[in-house]
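First the structure, in the form of structure tokens, and then the observations on it.
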Amino acid sequence: MTRHDLPEPSFRDSVDLMFNRASALLDLPPGLEEKIRVCNSTYTVRFGVRLRGQITTFTGYRSVHSEHMEPAKGGIRYSLGVNQDEVEALAALMTYKCALVETPFGGAKGGLCIDPRQYEEHELELITRRFTYELAKRDLINPAQNVPAPDMGTSEREMAWMADQYKRMNTTDINASACVTGKPVHAGGIAGRVEATGRGVQYALQEFFRYPEDVAKAGLTGTLDGKRVVVQGLGNVGYHAAKFLSLEDGARVTCIIEHDGAVSSEAGLDVEAVKSWIAAHGGLTGYPSGTFHPDGRRALETDCDILIPAAMEGVITRENAARIKAALIIEAANGPVTAGADEILRDKGTVIIPDLYANAGGVTVSYFEWVKNLSHIRFGRMQRRQEESRHQLIVNELERLSRDKELGWTLSPGFKERYLRGADELELVRSGLDDTMRSAYQAMRAVWHGRKGVPDLRVAAYIVAIERVVSSYRAKGL
Ligand code: NAD
């Protein structure tokens with residue numbers, strides 16, 4: 001039986017199959033294909049923490065897929081589903097993602113088998129600090145070698161604990177803050193990191209809709225305005241993507257799927273209201289404005305223009321792929337479409353914007369945060385007022401001309417205030433992220449449309465990424 005005949009490949013095998021589809025189109029030197037594809041190392045740690053009067057043992061992982069550039073970068077996930085296959089698949093995706101969006105990192109990923117909802121905040125802090133200690137003493141958290149970030153089940157809070165724990169262990173390391181990204185702004189973080197992955201999903205869609213021929217491949221027309229969007233997972237990534245697309249691009253979020261079911265409304269859901277309901281009630285059940293569907297998985301098959309799986313891997317499989325009605329799928333989560341489902345969807349004409357591109361906003365802004373930590377200065381601090389004073393010169397001149405009755409023109413209301421303001425950190429971060437998402441899409445579509453035998457954006461994305469990793473190995477003389 002070949003891999004292709006297996007009912008459903010594991011997540012790790014799925015990533016490898018996708019890699020193989022791209023590498024088969026490249027003429028790689030013997031041995032290099034395997035060197036790039038395999039995971040360098042995975043560390044498993046079991047540690048005990050005294051909680052509620054007894055020792056509880058936890059299992060955690062940190063996997064380093066590639067060190068062609070260092071540090072290796074990748075999130076830390078808290079979930080009961082964490083296992084070696086999953087962290088290795090996610091670490092591999094990080095290698096390709098970082099290469100695709102040109103962040104100078106290798107790929108890594110970590111995870112802890114835990115249901116964070118079962119623990120109090122002070123207990124989670126104890127567990128996180130102990131996990132950090134175990135990783136840091138083996139340089140699996142280190143500003144120069146291995147830099148985690150938030151992922152499913154972790155947030156700014158855990159990153160702040162990790163950074164603090166690392167600092168306690170490395171009191172003379174002046175770059176200690178750069179040991180982890182996704183920290184709160186008051187603890188060495190960067191403006192715009194929390195929203196970054198969802199914001200990147202929005203920028204990716206905006207860029208896709210700038211190319212009518214790409215939009216036509218999905219059987220769609222026009223812009224994001226009025227498009228019906230289904231979102232699975234209203235966590236960090238899904239919430240921000242849904243919020244920005246509905247508030248800023250005029251998209252209609254017609255269905256939201258969460259762990260306990262789905263809620264739909266053809267008129268469009270109020271994302272903020274749904275989010276508040278979940279925060280107060282722990283799930284969608286009982287949400288008053290819309291129709292509730294207890295079977296969330298089935299809701300992925302809702303008729304829509306754009307489907308945004310933003311919860312977890314392996315939700316679109318060989319079993320349900322044929323029933324997915326969305327014209328366009330943007331993989332906000334990592335690995336939501338299995339390799340088997342990918343083929344079925346492609347044959348159906350569904351366009352997929354692949355995970356290694358679609359959710360790269362997080363690592364892109366993490367890169368900005370890491371640079372900020374190493375440079376020890378906030379972005380915009382040096383140039384903001386200088387920029388404003390140069391703008392002031394132009395405004396003064398325009399005001400002088402507008403007083404000239406013979407010219408007969410005036411400045412538009414609000415122009416002066418808008419133009420005068422120099423960019424702050426958040427604007428610079430968004431600008432850098434937008435530029436990154438546009439450039440990476442352009443690199444992918446050049447391969448998609450310009451090279452023979454490239455069937456879709458995923459294969460194109462892998463080709464761009466693999467070629468960049470190859471260049472980096474070549475530069476090292478490998
Ligand atoms: P999160 O924990 O903030 O949110 C996940 C959401 O999915 C939660 O609201 C959860 O209730 C929901 N969920 C869980 N099981 C579900 C189910 N069966 N059906 C529907 N919803 C379900 O996690 P996140 O950080 O938003 O990450 C989501 C995905 O995005 C993951 O695949 C992660 O690897 C990927 N990702 C995250 C980042 C980041 O910056 N946080 C960056 C890149 C990729």
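Because the structure is predicted, anything quoted here is derived from the model rather than measured. When a ligand or atom number is given, it counts from 1 through the structure's own listing order.
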State the [atom1]-[atom2] distance between [X] and [Y], to the nearest 0.5 angstrom.
{"X": "I190", "Y": "L426", "atom1": "CD1", "atom2": "CG", "value": "9.5 Å"}
{"X": "I308", "Y": "L245", "atom1": "CD1", "atom2": "CG", "value": "5.0 Å"}
{"X": "E158", "Y": "R129", "atom1": "CD", "atom2": "CZ", "value": "11.5 Å"}
{"X": "L457", "Y": "I330", "atom1": "CG", "atom2": "CD1", "value": "10.0 Å"}
{"X": "L90", "Y": "T95", "atom1": "CG", "atom2": "OG1", "value": "11.5 Å"}
{"X": "Y357", "Y": "L100", "atom1": "OH", "atom2": "CG", "value": "8.5 Å"}

Check whether any N or O atom of [X], backbone or side chain, sits under 3.5 Å from an N or O atom of ligand 1, and answer yes or no.
{"X": "A333", "value": "no"}
{"X": "R117", "value": "no"}
{"X": "K97", "value": "no"}

I need the atoms of ligand 1 closer than 4.0 Å to a non-hydrogen atom of [X], numbered in the order shown.
{"X": "R77", "value": "31 (C), 32 (O), 33 (C), 34 (O)"}
{"X": "G153", "value": "2 (O)"}
{"X": "A310", "value": "28 (C), 29 (C)"}
{"X": "N359", "value": "43 (C), 44 (C)"}

Test: [X] cationic atom under 6.0 Å from [Y] six-membered ring centre, within 45° of axis:
{"X": "R138", "Y": "Y43", "result": "no"}
{"X": "K183", "Y": "W161", "result": "no"}
{"X": "R130", "Y": "F58", "result": "no"}

Which is it for [X] and ligand 1 at heavy atoms under 4.0 Å: side chain, backbone, both or neither?
{"X": "E313", "result": "neither"}
{"X": "L234", "result": "backbone"}
{"X": "A196", "result": "neither"}
{"X": "M94", "result": "neither"}
{"X": "A332", "result": "backbone"}
{"X": "Q232", "result": "side chain"}

Counting non-hydrogen protein atoms only, what is the nearest one to [atom]? Give residue, atom name and distance.
{"atom": "atom 4 (O) of ligand 1", "value": "G235 CA, 3.2 Å"}
{"atom": "atom 23 (O) of ligand 1", "value": "M152 CA, 3.4 Å"}
{"atom": "atom 11 (O) of ligand 1", "value": "E258 OE1, 2.6 Å"}
{"atom": "atom 17 (C) of ligand 1", "value": "H259 CA, 3.8 Å"}
{"atom": "atom 26 (O) of ligand 1", "value": "V237 N, 2.9 Å"}
{"atom": "atom 15 (N) of ligand 1", "value": "M312 CE, 3.2 Å"}
{"atom": "atom 3 (O) of ligand 1", "value": "N236 N, 2.9 Å"}
{"atom": "atom 40 (O) of ligand 1", "value": "T197 OG1, 2.7 Å"}

Practice problem: Identify, with sequence neighbours excluded, every residue that meets ring-ring contact (aromatic ring centres under 6.0 Å, His included) alongside F11. | Solution: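 Residues passing ring-ring contact (aromatic ring centres under 6.0 Å, His included) with F11: none at all.
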Report yes or no: does a heavy atom of [X] sit under 4.0 Å from some atom of ligand 1?
{"X": "R297", "value": "no"}
{"X": "E195", "value": "no"}
{"X": "G296", "value": "no"}

Practice problem: Please check if the distance between the ring centroids of Y462 and Y96 is under 6.0 Å. | Solution: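 Yes: the rings meet the under 6.0 Å criterion.
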Quiz item: Are Y133 and Y166 close enough that their ring centers fall under 6.0 Å?
Solution: no
Quiz item: salt bridge (Lys or Arg N to Asp or Glu O under 4.0 Å) between E88 and K109: does it pass, once the steps are laid out?
Solution: CA-CA 7 Å; E88 290 189 356; K109 201 81 181 193; over 6 Å; no
Quiz prompt | Donor-acceptor contact below 3.5 Å, side chain E313 vs main chain A333 | solution = no
Quiz item: Who gets closest to atom 25 (O) of ligand 1 by heavy atom: L93, D151, L356?
Solution: D151
Practice problem: Indicate yes or no: at least one non-hydrogen side-chain atom of K325 is less than 4.5 angstrom from one of E301. | Solution: yes
